[in-house]
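Since the model is a prediction, treat every value here as computed from it, not as a measurement.
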Amino acid sequence: MCGIAGIAAREWVNQSLYDTLIVLQHRGQDAAGIATSENGRLHWRRSNGMVRDVFHAGHMLALRGGVGIGHVRYPTAGGAVSSEAQPFYVNSPHGIALAHNGNLVNADELRTDLVQSDRRHLNTDSDSEVLLNVFAHELQASGSPCIGEEDIFQAVTGVHRRCVGGYAAVALVFGFGLVAFRDPHGIRPLVLGSREGPDGTEYMVASESVALSAVGFEFLRDVEPGEAVCVREAGELAVRQCAEDPSRAPCIFEYVYLARPDSVLDGISVYRARLRMGERLAEKILREAPDHEIDVVIPIPETSRTAALPLSARLGVEYREGFIKNRYVGRTFIMPGQRERERSVRQKLNAIGAEFQGKNVLLVDDSIVRGTTSRQIIDMARDAGARKVYFASGAPPVRYPNVYGIDMPTSRELIAFNRTEEQIRVEIGADRLFYQDIADLRTAVAGGQSRVCEFDTSCFTGDYVTGGVTEAFLRRQDELRNDAEKRRRMSGDRLEPADLDLEAWR
């Protein structure tokens, strides 16, 4: 769930990239970075932390040039490792800097091929570095001393042929310009925009459409699944489909939680999709509990507000803001360890007692992942005086890990894994629990338009659209993503075999 951006303009792009990363900060709070090109020279700043903490005045002044890329990161495996802040850079061929949103399913096999066959060196455990080196090797195979669009398109074709997974990437190719491409299923989002500068048209790519308007670019269209976009330093735009058999299957969790509500992804308004989620969920509640006795609907800030409003209207129940959010605490879903998540919940939210006292309360959240936040918020509602606490999730039960770039935990850390909905209800302490049905979620997000016929719903269904997700791969992901491993990577300690709890997989 990282955020990426790239700009090719006639003036310095440092400030525009900084402003863009601020807008995309919700997609990653672990690290940030910007790379720019000026007369073939790389200028580069990346570090752990929020955007405002990574870039100071001196850094910004040093980021010279009219072409640049930016990245905000949260780790899909491991913890806050400074060497894995992006963009990454290789100096052959010609010099390439790359930033990536997503995850490669076959990264281990690619690492072996890159080292043993392609004779390339890898310095981190990041699959983004793998993607960069695959792209670099494919570009080098062209043998061209002067890179052109045809060389770029052939290299991206090679990336699609070799890489399996969800990925959207932006790259600086020195001596050429800006390059962006999206995986053949369009799992991770990428949009293209333009604006008229003093000396011609300028172009921008970003993870979400809201990032374009924030810096004065007009949305043109989504980058198509499998498509590559090239913008030369002189400003010429070229695009080409580089995948043999592309199909559109965007990640449905983008609409549930990840994207900003004011974004439009693959022609679908995130805001309107969430309104429809609330309407669909209300219909289910009325079917299952027509005599529900709910006194008030209260959203869990921020993402669920949009769905909670039409839900309360359809139920004919008052909508109230019952929690005040401390905006200076990060999103608990993407914090790097269970202890940090648990500690942050009560720092992040405070209940307004008058909205709970003596009432049957329906709490609405966008989803339930680990159950940590849900359990603590239900306890807070009871402590504030609620008579009964019902809980509604705008998404179906999250039973399977996401392998395409969302730090959804391993199966054994998911509260819905191997549990019935009744068992989940007991586990989180709700008096009643309502989940969105998967068919209703698909219908709500699609909204009647025909452009998107399929979604990646793997975290709900276990069906992975790319294929190649084996039990052995999921075990490996468990080893890399569980909280014990994250704590080890953040502390530099050796991982003890007991920390992996491999017995859970037998």
Side-chain angles (χ1 to χ4, degrees), residues 1 26 189 208-210 249-289 292 294 296-323 331 333 361-369 371 373-374 377 390-399 402 406 408 416 421 424 428 430 432-461:
M1 196 191 74
H26 63 285
E208 297 186 28
S209 62
V210 66
C251 174
I252 205 165
F253 214 74
E254 290 278 353
Y255 303 93
V256 171
Y257 174 80
L258 302 182
R260 274 182 43 156
D262 44 348
S263 282
V264 177
L265 305 177
D266 285 298
I268 298 171
S269 162
V270 176
Y271 175 74
R272 293 191 176 276
R274 290 176 185 168
L275 288 175
R276 293 189 292 267
M277 289 178 210
E279 293 167 354
R280 290 278 174 169
L281 188 54
E283 294 293 340
K284 180 175 182 179
I285 293 172
L286 289 173
R287 289 194 305 270
E288 294 189 351
H292 49 70
I294 298 168
V296 63
V297 171
I298 294 178
I300 298 171
E302 300 269 350
T303 320
S304 60
R305 282 193 174 115
T306 308
L309 277 164
L311 186 151
S312 67
R314 182 67 184 88
L315 295 182
V317 174
E318 287 186 327
Y319 171 95
R320 288 288 186 268
E321 293 285 342
F323 293 104
R331 301 176 96 178
F333 174 59
V361 177
L362 175 64
L363 302 180
V364 181
D365 207 351
D366 51 74
S367 59
I368 306 172
V369 182
T373 301
S374 305
I377 289 175
Y390 306 127
F391 203 95
S393 168
V398 178
R399 302 188 186 278
N402 183 284
I406 305 174
M408 212 160 274
E421 292 186 19
I424 299 167
I428 66 175
R432 190 150 189 175
L433 175 62
F434 303 97
Y435 271 111
Q436 185 89 264
D437 291 333
I438 184 64
D440 284 343
L441 178 62
R442 288 192 181 105
T443 301
V445 175
Q449 58 85 42
S450 59
R451 187 181 183 194
V452 180
C453 301
E454 182 184 7
F455 293 96
D456 170 59
T457 59
S458 54
C459 57
F460 307 122
T461 64

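A donor-acceptor pair under 3.5 Å is formed between the side chain of S304 and the backbone N or O of V364. Side-chain N or O atoms of Q436 include one that pairs as donor or acceptor with a backbone N or O of G394 at under 3.5 Å. Not a single donor-acceptor pair under 3.5 Å links the side chain of E288 to the backbone N or O of F434. The backbone N or O of Y390 sits nowhere less than 3.5 Å from a side-chain atom of R432 that would complete a donor-acceptor pair.
For the pair V317 and L362, the minimum side-chain heavy-atom distance is 4.5 Å or more. For the pair T306 and M277, the minimum side-chain heavy-atom distance is 4.5 Å or more.
Relative ring orientation between F460 and F253 is described as tilted, the plane-to-plane angle lying within the 30° to 60° band.
In terms of heavy atoms, T457 sits closest to R442 at OG1-NH2, 3.3 Å. Of all heavy-atom pairs between A273 and V445, the closest is CB-CA, 4.0 Å. The heavy-atom pair separating I268 from R276 by the smallest distance is CG2-NH2, 4.2 Å. When all heavy atoms of Y435 and P396 are compared, the pair lying nearest together is CD2-C, 3.6 Å. Pairing each heavy atom of L265 with each of P189, the nearest pair is CD2-CB, 4.0 Å. For the pair V270 and A259, the tightest heavy-atom approach, listed with the atom from each and the gap, is CG2-CB, 4.0 Å.
Looking at residues two or more places apart in sequence or on another chain, you find no side chain to side chain donor-acceptor pair (under 3.5 Å) involving S367. With sequence neighbours excluded, no residue forms a side chain to side chain contact (heavy atoms under 4.5 Å, CB included) with A307. By the side chain to side chain contact (heavy atoms under 4.5 Å, CB included) test, A313 pairs with no residue at all, sequence neighbours left out. By the side chain to side chain contact (heavy atoms under 4.5 Å, CB included) test, L309 is found to be paired with Y319, residues two or more places apart in sequence or in another chain being considered. Here D437 pairs with K284, R287 under the salt bridge (Lys or Arg N to Asp or Glu O under 4.0 Å) rule; sequence neighbours left out. Residues forming a side chain to side chain donor-acceptor pair (under 3.5 Å) with S458 (at least two apart in sequence, or on another chain): D456. Remark: E254 pairs with R27, R188 by the salt bridge (Lys or Arg N to Asp or Glu O under 4.0 Å) rule, at least two apart or across chains. For R280, the salt bridge (Lys or Arg N to Asp or Glu O under 4.0 Å) partners at least two apart in sequence or on another chain are D440. Residues satisfying the salt bridge (Lys or Arg N to Asp or Glu O under 4.0 Å) test with D365, not counting sequence neighbours, are none.
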query: For F455 and L441, what are the C-alpha separation, side-chain angles and deciding distance, and is it a side-chain contact (heavy atoms from CB on, under 4.5 Å)?
result: CA-CA 10 Å; F455 293 96; L441 178 62; over 6 Å; no
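Between the CE atom in M1 and the OH atom in Y257 there is a gap of 6.0 Å [rounded to 0.5 Å]. Taking CD1 of I368 as the start and OG of S393 as the end, the distance is 4.5 Å to the nearest 0.5 Å. L311 CG to L275 CG: the interatomic distance, rounded to the nearest 0.5 Å, is 11.5 Å. Remark: I438 CD1 to T461 OG1 distance equals 6.5 Å, nearest 0.5 Å. Interatomic distance, C251 SG to N402 CG, rounded to the nearest 0.5 Å: 5.5 Å. A distance of 9.0 Å separates OG in S374 from CG in L363, rounded to the nearest 0.5 Å.
Sorted by first and then second residue, the side-chain hydrogen bond (donor to acceptor under 3.5 Å, both in side chains) pairs with a member in residues 258-268 read R182-D266, E208-S263, R248-D266, R260-D262; sequence neighbours excluded. Applying the salt bridge (charged side-chain N to carboxylate O under 4.0 Å, His left out) rule to pairs touching residues 304-321 yields E283-R314, E302-R305, R305-E321, E318-R320, R320-E355, sequence neighbours excluded.
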